Trainee: 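Would you mind keeping the following structure in view while I ask a few things?
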There are 2 protein chains.
Amino acid sequence: MSTHTHPSSAESLITAQGGRITRTRVAVLEILLAADQSLTHDEIGLALAEQGIKHDRVTLYRTLDWLVESGVAHKMAGDDRARRFGVAASGPHEHAHFHCDRCGKVVCLEGLQPAVAVNLPGGYQLDRAELVLHGACPTCGKGA
Amino acid sequence: MSTHTHPSSAESLITAQGGRITRTRVAVLEILLAADQSLTHDEIGLALAEQGIKHDRVTLYRTLDWLVESGVAHKMAGDDRARRFGVAASGPHEHAHFHCDRCGKVVCLEGLQPAVAVNLPGGYQLDRAELVLHGACPTCGKGA
DNA sequence: GGCGCAAATGCTACTATGTTGCAAAACCAC
DNA sequence: GTGGTTTTGCAACATAGTAGCATTTGCGCC
Ligand SMILES: [Mn+2]
Ligand SMILES: [Mn+2]
Ligand SMILES: [Zn+2]
Ligand SMILES: [Zn+2]
């Protein structure tokens, strides 16, 4: 198609990590960037299909893994047995998450720092703290 | 066997939740109570087998689910795709966890309260906060 | 102690999610 | 454009968990 487009922010992110620009990679990253919540492999696959982007299940798994390994995206293990993926719109992934226990939605709470006052028992080396708040999202909380 | 034993703390816990005393349930709960870390379904099954307690895979899943639903045990989704189970030795499950990113071990940090200073965006109803600290456990951190 | 019935178990089959190996295709530095 | 490397697609496999249903077991009651 058109060969003279400016690189999208998705494309820049990909090349910045030393990855090649491919249709699936760009589309997945754009989907994640546009999402207001973390998405499962399945949801992303569906979104791709809706955009008419043909893809293989395994390729999508590998694409997502690559995004996580590259530090572009983050992965969260949910209570249902599906991992959810998201990208922090800006900067590294240093924020808390909200998990709606009713609909299962997970949203990033950017600008919400754990402020964890921990004194670990001796010997433990702390790398990072992961904070997940549980409750009801605005949509689900309505009928409470 | 002997019919005049005093109820173990495991048995008390089970009856307190309105459950029936069964071999598997008691054994599983005792395993969890004795463990110094969260255990996977598989690890618990292995422990049962070592004790010569015959059981079915599905029964163990249901036993663990029941313990969680009853509020006796807690369940954590790990990065590997296995859930880990544990019981707080005393009181409800209101503490942080430490996850060793090298060996995958998860330990309960009882007496370590999140102290989360959060102001959620409007509409979100907070039920509970889940704090997981990531890093290296004493064993794995040695060679660092 | 024994009965009756609900709760729990064991089996089998099935689903969902993720992984591996390898050949074909697509990128991109040159 | 070409060549070598990365990425993809496909098929087969692995793992963790679930569902239905007949059988067994715990236990309140007599
Ligand atoms: Mn996030
Ligand atoms: Mn715990
Ligand atoms: Zn919700
Ligand atoms: Zn460790």
Side-chain angles (χ1 to χ4, degrees), chain A residues 1-5 7-8 10-29 38-46 48-49 53-70 72-73 75-85 104, chain B residues 1-5 7-8 10-29 38-46 48-49 53-70 72-73 75-85 104:
Chain A
M1 317 300 183
S2 61
T3 23
H4 286 280
T5 27
S8 69
E11 287 174 345
S12 317
L13 266 169
I14 292 167
T15 41
Q17 301 302 326
R20 289 185 180 175
I21 304 294
T22 70
R23 225 179 16 152
T24 306
R25 212 115 98 168
V26 174
V28 167
L29 189 43
S38 302
L39 302 174
T40 62
H41 168 274
D42 219 46
E43 292 166 334
I44 297 167
L46 200 65
L48 285 176
I53 295 175
K54 178 187 171 287
H55 66 284
D56 184 72
R57 225 166 55 86
V58 179
T59 300
L60 181 48
Y61 275 117
R62 290 197 274 231
T63 300
L64 290 168
D65 282 350
W66 182 85
L67 286 171
V68 171
E69 278 162 26
S70 310
V72 175
K75 176 166 69 170
M76 279 202 37
D79 287 345
D80 56 348
R81 42 201 268 79
R83 299 169 182 171
R84 283 157 204 278
F85 299 84
Chain B
M1 317 302 183
S2 62
T3 24
H4 286 280
T5 27
S8 68
E11 286 173 346
S12 318
L13 266 168
I14 292 168
T15 42
Q17 302 302 325
R20 290 185 180 174
I21 304 293
T22 71
R23 225 180 15 150
T24 306
R25 234 176 224 178
V26 174
V28 168
L29 190 43
S38 301
L39 301 174
T40 61
H41 168 275
D42 220 47
E43 291 168 334
I44 296 167
L46 199 64
L48 285 176
I53 295 176
K54 179 189 171 287
H55 67 283
D56 183 73
R57 224 166 57 85
V58 178
T59 301
L60 179 49
Y61 276 117
R62 290 196 275 231
T63 301
L64 290 168
D65 283 349
W66 181 85
L67 286 171
V68 171
E69 276 161 28
S70 310
V72 176
K75 175 166 70 171
M76 280 202 36
D79 287 345
D80 56 346
R81 42 202 263 80
R83 299 169 184 172
R84 284 158 203 277
F85 299 85

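Throughout, a chain's letter reflects where its sequence line sits, starting with A, and its residues are numbered from 1. Values in this document were obtained by computation on a predicted structure and should not be read as measured data.
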Trainee: Return the set of residues passing salt bridge (charged side-chain N to carboxylate O under 4.0 Å, His left out) with R84(A) (not counting sequence neighbours), or none when no residue passes.
Mentor: D80(A)

Trainee: For residues 17-27 of chain B, which side-chain donor-acceptor pairs fall under 3.5 Å, sequence neighbours excluded?
Mentor:
residue, atom, partner, partner atom, Å
T22(B), OG1, R25(B), N, 3.3
R25(B), NH1, R20(B), O, 3.0

Trainee: From CZ of R84(A) over to P of dA16(C), roughly how many Å is that when rounded to an integer?
Mentor: 15 Å

Trainee: What string of B, S and - do you get for nucleotides 25-30 of chain D, 5' to 3', if B is base contact, S is sugar-phosphate-only contact and - is no contact with any protein heavy atom under 4.0 Å?
Mentor: BBS---

Trainee: Is T59(A) reaching over with its side chain to a backbone N or O of H55(A), donor-acceptor style, under 3.5 angstrom?
Mentor: no

Trainee: Using whole Å, report how far CG of L48(A) lies from C1' of dG9(D).
Mentor: 15 Å

Trainee: Quickly work out the D80(A) CG to dA16(D) P distance and round it to whole Å.
Mentor: 17 Å

Trainee: CG of D56(B) versus C1' of dT23(D): gap in Å, rounded?
Mentor: 13 Å

Trainee: What are the two closest non-hydrogen atoms of G78(A) and A77(B), and how far apart are they?
Mentor: O-CB, 3.2 Å

Trainee: Please step through side-chain contact (heavy atoms from CB on, under 4.5 Å) for the pair R62(B) and V58(B), ending with a clear verdict.
Mentor: CA-CA 6 Å; R62(B) 290 196 275 231; V58(B) 178; 3.4 Å; yes

Trainee: Tell me whether H41(A) contacts the main-chain N or O of F85(A) through its side chain, where contact means a donor paired with an acceptor under 3.5 Å.
Mentor: no

Trainee: For the atom pair CD (E69(B)) and CG (L64(B)), what is the distance rounded to the nearest 0.5 Å?
Mentor: 11.0 Å

Trainee: In Å and rounded to the nearest 0.5 Å, what is the CG to CD1 distance from L67(A) to I14(A)?
Mentor: 7.0 Å

Trainee: Of the options dG10(C), dC10(D), dT8(D), whose atoms approach the side-chain atoms of T59(B) most closely?
Mentor: dG10(C)

Trainee: Mind calculating the distance between CZ (R25(A)) and P (dT6(D)) to the nearest angstrom?
Mentor: 11 Å

Trainee: Could you check whether R83(B) gets within reach of a base, just the sugar-phosphate, or nothing at all, counting any heavy atom under 4.0 Å?
Mentor: sugar-phosphate

Trainee: Please enumerate all residues that pass side chain to side chain donor-acceptor pair (under 3.5 Å) together with E43(B), with sequence neighbours excluded.
Mentor: T40(B)

Trainee: How do W66(A) and R57(B) order along DNA chain D: which one's closest nucleotide is nearer the 5' end?
Mentor: W66(A)

Trainee: I want to verify a distance call: between dC10(D), dT15(D), dT8(D), whose nearest atom is closest to the K54(A) side chain?
Mentor: dC10(D)

Trainee: I need the OH-P distance between Y61(B) and dT15(C), as an integer number of Å.
Mentor: 17 Å

Trainee: Write down the distance between CZ (R81(A)) and P (dA19(D)), rounded to a whole number of angstrom.
Mentor: 12 Å

Trainee: How many angstroms lie between atom CG of D42(A) and atom CG of L60(A), to the nearest 0.5 angstrom?
Mentor: 9.0 Å

Trainee: Measure the distance from CD1 on I44(B) to C1' on dG17(D) and round it to the nearest whole Å.
Mentor: 14 Å

Trainee: To the nearest 10 degrees, what angle separates the axes at the start and end of the helix from dG1(C)-dC30(D) to dC30(C)-dG1(D), five pairs each?
Mentor: 50°

Trainee: Grab the N/O contacts between the protein and nucleotides 20-24 of chain C below 3.5 Å, and write none if there aren't any.
Mentor:
residue, atom, partner, partner atom, Å
dG21(C), O6, R62(A), NH1, 3.3

